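Below is one structure, written out as structure tokens; comments come after it.
Any value given below was found using the heavy atoms of this structure, including those in side chains, with hydrogens, waters and symmetry copies removed. These figures come from a predicted structure and were not determined experimentally.
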Amino acid sequence: MVSVHVALFEQPDSVARLAQAIGAAGGRVHTLSILRTLPDVDVVELELTVEQLSGHSVATALSAVKGVLQVAPPTGAPMLERRLTRVGGSVRWPEGWRAGR
């Protein structure tokens with residue numbers, strides 16, 4: 001079993017797309033926790049515990065899911081907080097994305 005943190009744009013089918021990608025890669029979502037939401041930009045941070053896949057396999061499967069901003073191992077600090085610090089206080093959205101999409 002492996003845990004990963006995922007930051008993604010919050011949309012009605014976001015969690016379903018994550019579970020579908022994990023299932024298609026041969027894994028099973030064991031638990032899913034919402035760590036925090038950022039309502040101003042419609043971004044949510046989740047922690048997934050996945051069975052039957054390695055951390056690398058989970059990251060590979062989730063990186064192809066539309067709306068996923070980041071996949072990382074759990075470290076204790078919120079991912080987007082680290083990201084904001086790393087890029088000088090502003091979020092750099094992936095090419096083609098904008099806040100609130």
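Pairs of residues two or more places apart, or lying in two chains, that qualify as salt bridge (Lys or Arg N to Asp or Glu O under 4.0 Å) and include a residue from residues 11-26 are Asp13-Arg17.
Taking Ser57 as the reference, Leu53, Ser54 meet the side-chain contact (heavy atoms from CB on, under 4.5 Å) condition, with sequence neighbours excluded. Every residue two or more places apart in sequence or in another chain that forms a side chain to side chain donor-acceptor pair (under 3.5 Å) with Glu47 is listed here: His5. In terms of the side chain to side chain donor-acceptor pair (under 3.5 Å) criterion, Thr37 has no residue partners (sequence neighbours excluded). With sequence neighbours excluded, the residues forming a side-chain contact (heavy atoms from CB on, under 4.5 Å) with Ala21 are Leu62, Val65, listed by chain and number.
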Trace of the side chain to side chain contact (heavy atoms under 4.5 Å, CB included) decision for Val58 with Leu48: CA-CA 10 Å; Val58 172; Leu48 297 170; 5.5 Å; no
Enumerate, atom names and distances included, each donor-acceptor pair closer than 3.5 Å involving a side-chain atom of residues 25-35, sequence neighbours excluded.
from	atom 1	to	atom 2	distance (Å)
Arg28	NH1	Glu51	OE1	3.1
Thr31	OG1	Thr49	OG1	2.9

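In this structure, CD in Glu45 is found 10.0 Å from CG in Leu8, a value given to the nearest 0.5 Å.
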